[in-house]
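A note on names: the letters A, B, ... follow the listed sequences, proteins ahead of strands, and every chain is numbered from 1.
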Amino acid sequence: MNAWPTDSLPGRWQNVLTMETTHSPDLEPAFFDRPADTVARDLLGKTLVCLISGKRVALTVTETEAYLGPHDLACHAARGRTQRTEVMYAPAGTLYIYFVYGLHWMLNVVTGPEGYPAAVLIRAAGVISGHARLTRALAIDGKLNGRMAGRASGIWFESGKSPGRIIATPRIGVAYAGPRWSSRKLRFIGES
DNA sequence: GCAGTGATCATA
DNA sequence: ATGATCACTGCC
């Protein structure tokens, strides 16, 4: 797989290569720099990795939702640039983590070009169902909001096996956005 | 079906 | 300052 003569490389590069071949390749910010619905579909089957007190916890992403941008009335950014939505304008791959209903943290990844507020909500991964339960299980809270997904943040994505089938349905809990946006099939579930 | 919980945002 | 509204879950 790796054609380089690794034994001739300096030690630190050998370490990097060892890490990279131990796991699947990390998804780089460029992966997220595409339309939210494209990213939402492609994220199915990818691996969400999180460091919990130094331990690697990996889950397969099985359910996502796309929030397309300011014109999408179900998207937080549809009501403009505010303190909360500020992070949605950050570069692709930035974590957007917000608090709802007084109890739950939601995990999103910003998509598309910097300055364009769109994101993908991670609704379920592995055997854990429910997006609030996901963040609770991974001990994710607002401290990581605005950080770039990557090893330096302790939470990142890696490539994985694409699902055999993708089911698309309307998004959950967005009736307030009106029929046009609440009926559009922007929720994706991966099945093997 | 709805209680619980608190940030957020529009209105004032 | 105040009040409505939540990209929810679990228990009834």
Discussion item. Strictly distance-based, threshold 3.5 Å: is any side-chain N or O of A/Thr85 a donor or acceptor partner for the main-chain N or O of A/Pro117?
Written reply: no
Worksheet item: Rounded to the nearest 0.5 Å, what separation is found between the CG atom of A/Leu121 and the NE2 atom of A/His131?
Response: 5.0 Å
Practice prompt. Measure the spacing between CD1 of A/Ile155 and CG of A/Leu95 and express it to the nearest 0.5 Å.
Written response: 5.5 Å
Worksheet item: Phosphate oxygens OP1/OP2 of C/dA7: is one of them under 4.0 Å from a side-chain N or O of A/His131?
Response: no
Worksheet item: Within the pair A/Arg84 and C/dC6, is there a side-chain N or O less than 4.0 Å away from OP1 or OP2?
Response: no
Fill in: A/Arg171 charged N/C atom sitting above A/Tyr67 aromatic ring, 6.0 Å / 45°
yes
Fill in: A/Arg34 to A/Phe32 six-membered ring, cation-pi geometry met (6.0 Å, 45°)
no
Worksheet item: side-chain contact (heavy atoms from CB on, under 4.5 Å) with A/Val61: which of A/Thr47, A/Leu48, A/Leu134?
Response: A/Leu48
For [X] and [N], what is the distance between atoms [atom1] and [atom2] respectively, to the nearest whole Å?
X        : N     : atom1 : atom2 : value
A/Arg171 : C/dC8 : CZ    : C1'   : 17 Å
A/Trp105 : C/dT9 : CH2   : C1'   : 17 Å
A/Glu63  : C/dA7 : CD    : P     : 16 Å
A/Leu68  : C/dA7 : CG    : C1'   : 13 Å

Worksheet item: Which of the following nucleotides, C/dG10, C/dC8, C/dA7, is nearest to the side chain of A/Ile172?
Response: C/dC8
Worksheet item: Any idea which of C/dC8, C/dT9, C/dA7 is nearest the A/Tyr101 side chain?
Response: C/dC8
Worksheet item: Given that both distances must come in under 3.5 Å, which nucleotide forms a Watson-Crick or G-U wobble pair with C/dT9?
Response: B/dA3
Worksheet item: What does A/Ala132 touch in the nucleic acid at a heavy-atom separation under 4.0 angstrom: a base, only the sugar-phosphate, or nothing?
Response: sugar-phosphate
Worksheet item: For DNA chain B, which nucleotides open and close the run of contacts to chain A, 5' to 3', at under 4.0 angstrom from a non-hydrogen atom?
Response: B/dG4 to B/dA10
Discussion item. Any donor-acceptor pair, under 3.5 Å, between the side chain of A/His76 and the base of C/dA7, if you only look at N and O atoms?
Written reply: yes
Fill in: Residue met sooner reading DNA chain C from 5', once A/Arg136 and A/Ala74 are mapped to nucleotides
A/Ala74
Worksheet entry | Whether A/Tyr116 and A/His71 hold their rings parallel, tilted or perpendicular, with breakpoints at 30° and 60° | tilted
